[in-house]
Every structure is written in structure tokens, then in C-alpha cells.
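Structure record follows, encoded as C-alpha cells.
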Protein chains: 2
Amino acid sequence: MDLPRLPATLADVADRAGVSRQTVSNAINNPDLLRPETLSRVQHAIDALGYTPNHAARQLRTRSSRLVGLRMSPAQEFTANMAMDRFVRALVEASRDAGYHVLLFAGEPLVEGELPAPMAGYDDLLRSTAVDAFVVTDTYLGNPQAAGLAERRAPFVAFGRPWDDAGARHPWVDVDGAAGAQLATEHLLERGHERIAWLGWQPGSRIGEDRRAGWHRTMTGRGLPTSGLEAATDDTVAAGRGAAAALLDAVGPTAFACASDTLAVGVLHTLAERRLRPGQDVAVVGFDDSQVAQVVPPGLTSVRQPLEQVAVELVRALSDLLGPRPHTSRGVLLEPTLAVRASTTR
Amino acid sequence: MDLPRLPATLADVADRAGVSRQTVSNAINNPDLLRPETLSRVQHAIDALGYTPNHAARQLRTRSSRLVGLRMSPAQEFTANMAMDRFVRALVEASRDAGYHVLLFAGEPLVEGELPAPMAGYDDLLRSTAVDAFVVTDTYLGNPQAAGLAERRAPFVAFGRPWDDAGARHPWVDVDGAAGAQLATEHLLERGHERIAWLGWQPGSRIGEDRRAGWHRTMTGRGLPTSGLEAATDDTVAAGRGAAAALLDAVGPTAFACASDTLAVGVLHTLAERRLRPGQDVAVVGFDDSQVAQVVPPGLTSVRQPLEQVAVELVRALSDLLGPRPHTSRGVLLEPTLAVRASTTR
DNA sequence: CTGAAAGCGCTAACAC
DNA sequence: GTGTTAGCGCTTTCAG
């Protein structure tokens with residue numbers, strides 16, 4: 001099928017079907033209004049011309065772009081966001097199924113010595129009515145975006161709970177980090193480990209505290225000690241490596257549960273240095289089930305967030321939010337699973 | 001600053017500045033046409049009202065959305081696309097600097113037993129004039145997208161050479177894979193290795209052949225044998241692992257140069273099984289410098305594609321393509337670099 | 001159930 | 001330099 005120079009318009013279809021433009025519009029947006037015979041005639045004309053409604057014209061009229069905005073921060077090496085790629089793909093798919101596209105945008109370029117503008121990129125998109133809503137993901141940073149968007153009365157949904165804002169009214173979807181750490185810890189307990197260390201982030205991160213709580217409550221529930229068995233560091237491989245070495249020297253844990261794959265990989269580094277075999281000599285569990293966990297030898301057991309489900313729920317919340325009468329659903333908390341690999345298998 | 005319920009329009013600004021709508025439009029699009037005093041008065045009104053031109057209205061009028069489309073395939077585990085995240089981020093940044101946003105879309109959902117429609121997603125975007133152009137990335141699949149878009153006379157740029165289509169007229173940006181493999185091989189030669197194996201993809205991939213050629217010509221150039229020193233497998237960790245084991249048994253190479261990080265990680269698996277130390281006993285070089293290469297113990301030396309530069313060149317080509325008189329630049333070939341880590345360091 | 005008229009917000013062409 | 005006119009392609013009234 002060859003496309004003509006200029007895409008067909010409503011008028012072209014109307015001409016060909018021998019009806020008015022209006023009727024074609026109805027055929028698309030309110031097919032029930034048409035007599036079946038007319039409908040099929042219009043449908044044929046649409047197919048024959050390969051007609052698709054002009055996006056801009058429809059957006060101008062309906063004030064809806066069917067676009068959701070997602071801000072991507074610059075690539076950061078050696079650190080978090082290891083699962084961002086998977087999430088973005090899942091979001092794109094879920095959005096397609098709901099008739100949306102994802103508009104990616106960037107913040108301001110970082111300037112040395114200046115704080116990054118938290119709402120950079122959002123305002124222009126909002127005022128130019130280029131997107132219908134936003135998906136906010138980096139809630140772990142303290143999430144000034146959510147507050148900023150709420151203040152601007154912009155529709156948005158968040159991947160991540162509004163930890164610090166009890167008055168938050170926006171829909172959110174999150175994964176139960178405590179449950180994930182509990183899963184990891186129980187898995188290690190089942191494998192016979194008792195001296196299970198927690199390798200976490202420095203205080204101040206609610207996500208980090210949540211995950212740590214899962215380990216702590218599981219250990220305590222079994223009457224096992226936790227004191228001295230934990231370390232808190234930056235979320236980098238190097239930091240995890242150092243902390244793991246210190247813990248091994250101080251208390252000799254037989255297993256590590258970690259707040260991230262990044263830290264878990266740090267543990268693997270230390271084990272490799274000491275010629276300890278992951279899974280055989282010391283067990284390690286990561287968090288996020290990133291690509292790294294999937295391929296790093298010998299395979300890193302990791303808590304897997306159901307990102308596909310997160311995306312579906314986010315889009316569901318979005319559709320509701322943008323629909324005729326928003327249902328004002330509060331939040332959805334999803335359960336992670338455990339991807340078991342050789343790092344916890346003797 | 002508090003945003004009003006409805007975003008300000010051109011008319012609002014005109015009223016406030018005491019000029020006509022057209023003058024405001026000129027102030028934005030052709031500031032030179034205004035007398036400085038008028039311009040500054042309009043500018044003040046724009047700032048005061050927080051005015052940003054309505055995207056849909058402008059798009060309808062100018063037939064330009066300032067959006068570039070990028071299709072994302074579903075997440076695939078254990079295989080390629082390891083560097084996609086970095087590329088997307090780079091593309092978003094480069095696009096911002098040129099005044100574009102990136103529209104992400106998905107293909108059709110995969111149906112069991114059916115071939116995926118190569119142009120799924122593209123046609124609708126094209127006919128609805130939702131994007132100005134596309135960026136095509138997965139040229140390694142034989143790239144029916146490029147041909148399809150060319151046939152539809154849709155503006156697009158490709159990350160990847162049009163290997164199989166000498167008549168291709170579209171702009172492209174690519175990274176010299178042969179040069180990358182040469183870099184890797186020379187690095188290993190400098191480290192004293194002579195039995196350097198090539199672990200590549202199965203025949204049929206032009207990218208794979210290109211990379212292999214870099215190894216082959218470097219070895220041959222030094223008068224070193226290559227026969228028996230190579231294997232071709234699927235691009236998976238498991239396949240790389242098996243092929244590495246077979247090569248070690250058959251010819252005992254002291255170093256592996258690989259067509260991808262995925263395969264290199266496969267080699268690392270085999271080394272771990274045999275308690276061989278990467279870098280110390282056997283050297284390994286990957287390709288792509290993915291997150292995995294950066295964090296896998298002890299650190300994987302890898303050929304790094306200059307994705308940020310690729311993104312900049314792609315956007316440059318795009319701007320030219322969409323500009324008033326396209327310059328019809330053919331292609332840009334960029335040089336990779338080598339990220340040296342412990343897997344090649346004794 | 002179908003058609004005619006109006007207008008979303010903007011910019012390209014032309015007058016003043 | 002600035003204002004006026006027209007229209008991009010669509011959907012939302014409102015009549016027939």
C-alpha cells in the first residue's frame with residue numbers, strides 16, 4: 001500500500017464515503033450513532049485511504065494529547081537505575097495498550113556548583129499542554145517533583161510511595177521493599193544461614209529503611225541477633241565492596257542480603273578477592289534483579305520488582321485520573337518475587 | 001509562581017502587552033522584526049503570564065511536532081540491548097539541546113507463531129503526523145524499518161549503517177566495529193598475548209562480521225595465526241560460556257576478544273568454573289561497555305561505543321533533514337574507545 | 001441518525 | 001514594524 005504525499009484528512013474520507021465530515025468523525029468516536037450500513041461504508045473509506053486522525057488537530061480540539069511525560073536523568077555509571085530500562089519498556093507497552101504514548105524529556109543540563117532545578121522540563125511541557133500527565137519515578141530522591149506537580153495541579157502518578165507527605169493526594173504504585181527483603185532473608189534462612197548480614201544504604205532513604213526493616217523483622221522473628229551484622233553505605237560497587245570486607249572481618253557472616261544489586265555486586269568483588277565462592281562459601285542476595293544480577297557469574301539471586309505490573313497499574317491509575325470522573329484511588333502496593341540463582345545455591 | 005487554571009494564550013499576552021496577537025507571535029518566532037522596546041514589553045508580558053506556545057496549535061499550523069519517534073522493543077533478558085538505556089538517555093539530552101522531545105512507542109504485542117510486523121507503530125504515528133521523524137536503532141536485525149520508512153518517504157535517521165542496501169539515501173551514524181575489535185586485539189597484544197581467540201556471533205550479522213574483521217586483520221597483520229581460534233554462537237551468556245569452554249579445551253587461548261559483553265560474561269562464567277582468574281590467568285575483552293562490564297568482578301575491559309556522540313550526530317542529521325534545505329549528508333562513522341579494567345590487567 | 005456552523009491557538013500571507 | 005485575515009484538521013454544539 002503506497003501512502004500519498006499528504007496524509008488523508010477527515011474531508012477526504014467523507015468525500016470518498018459520500019457523507020459529511022461529521023459523520024466520519026462520529027464513525028470514529030461514536031460509532032454507535034451511525035447506522036451499520038453507513039458505518040461500514042465509512043470504515044471502508046478509512047481503510048482504503050489509510051486514514052488516521054491528525055494528532056495535532058484532535059489535541060487542539062479535545063485538549064488531550066494522549067501523551068504521558070517521563071523525565072529521564074542523565075546516565076549514571078556504577079550506580080542505581082539499573083532496572084530503569086526494563087521499567088521504561090514496560091511503561092511503553094502498558095501505555096500503548098491504553099492508547100497512550102510516552103514522551104521522554106530531560107532536565108536542565110547540570111551546571112557545576114548549581115543545584116539541579118527540580119521542575120526543569122516539567123513546566124514547559126505543562127504550559128504548552130504537550131502532555132496529559134506525568135509519570136514520576138525518582139521518588140527516592142525525596143521527590144520534589146511530586147510536590148511541584150501537585151502544586152501546579154498537574155495530573156501525575158508516581159512510582160513510589162509519598163513517604164514524607166501524608167497529605168499527598170496523587171495515585172501511586174509501589175513495591176513492598178520490606179516484603180522483598182523478608183523474602184531474601186527467609187530464603188537464606190531456609191538454606192541454613194543464620195549469620196545473615198544486611199548491607200544497606202545510608203540512613204535517610206525511606207526505601208532503604210523499608211528494605212532493611214524486612215531483614216530486621218525476619219531475623220528478630222526467628223530470635224536471631226542482628227546487632228553488628230549490618231552496614232550502611234553509598235549505593236556504589238566500591239562502597240559495597242568495602243563494607244562487605246569490613247563485615248567479613250568483624251563478624252564473619254555466612255550470607256549477605258543487600259539493598260541493591262549494586263551493593264551485592266560489591267560483595268561479589270570482595271568474595272572474588274578472597275577467593276570465596278559465592279553460593280558455596282558465602283551466599284549473596286541482591287535487590288532489583290537487574291541485567292547485572294542475571295548475568296554476573298555465577299548468577300546473583302535477587303529480589304525482583306514486578307515492573308511490568310507496576311507499569312500496568314500506573315497506566316491504569318493514569319487512565320482513571322484523566323477519565324471523566326476520577327476514582328481517586330490512593331495507592332497500590334505490589335509484592336516482589338525472588339529470582340533464585342547460584343549465589344545462594346550450594 | 002502560581003499557574004492559572006488554564007495556560008495563557010497568545011491573546012492573553014497580546015492584551016497584557018497592548019499589542020496584537022501577531023506581534024507576540026513575531027516576538028517569539030522572529031524577534032528581529034520587532035522594535036527593541038516593543039520586544040521587551042512583550043517579553044515582560046510573556047514572563048509575567050508564564051506563557052508557552054500551545055504545542056498542538058503550533059503543530060497544526062506549522063506541521064511540525066518537534067517530536068522524534070523511537071520504537072522500543074520489549075525487554076529481553078540475557079541478551080543484547082545492554083547499552084540501550086545509555087543511548088536513550090543520550091538521545092533525550094541531545095534532542096533537548098536541539099529543541100526536540102523523544103516519543104517512545106512500542107510495536108505490536110508479539111503473538112505466538114506470528115512474525116512481528118516490522119512497521120507496527122510507525123504507520124499510525126506517520127499518518128497522524130504525530131512525529132516529525134524517527135530514529136531507527138535496531139539495524140542489526142536486517143532493518144526492515146529503514147526500508148519501510150524510506151518507502152513511505154518518512155524522514156528518519158539510523159543508528160547503524162545500511163549494510164545491505166547500497167542505494168539507501170537516509171542519514172546514518174555508526175560506530176566502527178572493526179576499529180573497536182582492533183583496539184581490543186591490540187590491547188591484548190600489548191599485554192603480551194598471542195593466542196587471542198575471537199568469540200563472535202553466528203554468520204549473517206554484518207555487525208558481527210565487521211567486528212570479527214577487526215580482530216582478524218590485527219592478528220594477521222602481526223603474522224599471528226587465527227585458524228581454530230574462533231567460535232561463533234548466539235549472543236547469550238550460556239552460548240558464550242559453552243563456546244569459551246570448547247575453545248579453552250581445544251586450543252587454550254590466553255585471551256578472548258568478544259563481539260559483545262554478553263559473550264564476554266559467558267567467558268567469565270567458564271573461567272569461574274575452572275577457577276581461572278580473569279586478567280591473571282586469562283584475559284577477556286567485551287564489547288559495548290554495558291553496566292555489566294562496569295560492575296562485574298573483577299571489572300571487564302570493553303570496547304565503548306561513544307553513544308553520547310552518536311546521539312548528538314543523529315540529532316544533528318535530524319535537524320538538517322527537517323531543516324529548510326536538507327544537506328543530504330550521507331553517514332558518520334565514529335571511533336570507539338577501550339575501557340580498560342581488571343579483566344585484562346595482570 | 002446526519003449536516004451545518006463555530007472555534008480550539010497558532011502562524012503565513014498580506015495590508016497598513 | 002505592526003495589525004488584519006484566513007485557515008491548519010478536528011470535534012462540539014445545535015438544527016434538520
Side-chain angles (χ1 to χ4, degrees), chain A residues 4-43 45-46 49-66 124-130 132 324, chain B residues 4-43 45-46 49-66 99 124-132 324:
Chain A
R5 262 305 173 296
L6 256 35
T9 76
L10 210 54
D12 297 332
V13 178
D15 279 356
R16 194 175 221 275
V19 297
S20 78
R21 300 204 309 268
Q22 227 33 46
T23 304
V24 180
S25 176
N26 283 336
I28 293 165
N29 302 305
N30 302 83
D32 316 335
L33 294 185
L34 298 211
R35 158 187 339 160
E37 180 229 309
T38 317
L39 181 57
S40 99
R41 205 169 69 238
V42 173
Q43 197 58 56
I46 289 178
L49 294 172
Y51 170 74
T52 306
N54 180 294
H55 190 83
R58 175 176 269 184
Q59 178 178 351
L60 184 58
R61 198 66 183 98
T62 63
R63 302 171 167 287
S64 152
S65 62
R66 311 291 308 174
D124 277 352
L125 249 19
L126 216 42
R127 296 199 289 228
S128 64
T129 66
D132 290 348
Chain B
R5 263 305 174 294
L6 256 35
T9 75
L10 211 55
D12 298 332
V13 178
D15 279 356
R16 192 177 224 273
V19 297
S20 77
R21 300 205 310 270
Q22 191 46 33
T23 302
V24 179
S25 176
N26 284 336
I28 293 164
N29 302 304
N30 302 83
D32 316 336
L33 293 185
L34 298 210
R35 166 188 328 166
E37 182 227 309
T38 317
L39 180 58
S40 101
R41 203 168 70 238
V42 173
Q43 198 57 56
I46 288 177
L49 295 173
Y51 169 73
T52 306
N54 179 295
H55 191 82
R58 176 176 269 185
Q59 178 178 352
L60 185 58
R61 198 66 183 94
T62 62
R63 305 175 162 284
S64 151
S65 63
R66 311 294 304 179
D124 277 352
L125 249 19
L126 217 42
R127 296 199 289 228
S128 64
T129 66
V131 301
D132 291 348

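We name chains A, B, ... by the order of the sequence lines, and we start the count at 1 in each one.
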Whole angstrom value for the distance that separates P of D:dG7 from CZ of B:Arg63: 14 Å
Hey, which sits more toward the 5' end of DNA chain D by its nearest nucleotide, B:Asp32 or B:Gln22? B:Asp32
Interatomic distance, B:Leu33 CG vs C:dA15 P [rounded to whole Å]: 18 Å
Rounded to whole Å, how long is the line connecting atom CG of B:Asp12 with atom C1' of C:dG9? 11 Å
Consider the side chain of B:Leu34, meaning its heavy atoms from C-beta on, and name the nucleotide among C:dT2, C:dC10, D:dT2 that approaches it most closely. D:dT2
Rounded to the nearest Å, what distance is computed from the CG atom of residue B:Asn30 to the P atom of nucleotide C:dT11? 10 Å
Testing the basics here: between B:Leu34 and B:Ala27, what is the closest heavy-atom pair and its distance to 0.1 Å? CD1-CB, 3.7 Å
State whether a side-chain donor-acceptor pair under 3.5 Å links B:Ser65 with B:Asp132. yes
Output the single nucleotide from D:dT11, C:dT2, C:dC10 whose closest atom is nearest the side chain of B:Arg61. C:dC10
Using a cut-off of strictly less than 4.0 Å, decide whether A:Thr23 has a side-chain nitrogen or oxygen near OP1 or OP2 of C:dG3. yes
What distance do B:Leu10 atom CG and B:Asp15 atom CG have between them, rounded to the nearest 0.5 Å? 10.5 Å
Here the distance between atom C1' of C:dG3 and atom CG of A:Asp15, to the nearest Å, is 14 Å
Indicate, with a heavy-atom threshold strictly under 4.0 Å, whether B:Leu60 touches base, sugar-phosphate, or nothing. base
Tell me which nucleotide among D:dG9, C:dC10, D:dT2 gets nearest to the side chain of B:Asn26. D:dT2
If we ignore angles and hydrogens, is there a donor and acceptor under 3.5 Å between the side chains of A:Arg58 and A:Asn29? yes
For D:dC8 and A:Thr9 - does any side-chain N or O of the residue sit under 4.0 Å from the phosphate oxygens OP1/OP2? no
Any side-chain N or O of B:Asn29 below 4.0 angstrom from OP1/OP2 of C:dT11? yes
At less than 4.0 Å, is any side-chain N or O atom of B:Arg35 found next to OP1 or OP2 of D:dT2? Yes or no. yes
Provide, to the nearest angstrom, the distance between the CZ atom belonging to B:Arg58 and the C1' atom belonging to D:dG9. 19 Å
Which heavy atom in B:Pro7 sits nearest to a heavy atom in A:Leu126, and how many Å separate them? CG-O, 4.4 Å
Using a cut-off of 4.0 Å on non-hydrogen atoms, how would the nucleic acid contact of A:Arg21 be classed: base, sugar-phosphate, or nothing? base
Can you check the B:Arg66 CZ to C:dC10 C1' distance for me, whole Å? 16 Å
If I take atom CG in residue A:Leu49 and atom C1' in nucleotide D:dG9, what distance separates them, rounded to the nearest angstrom? 15 Å
Using a 4.0 Å heavy-atom cut-off, does B:Leu10 contact any base of the nucleic acid, only the sugar-phosphate backbone, or nothing at all? base
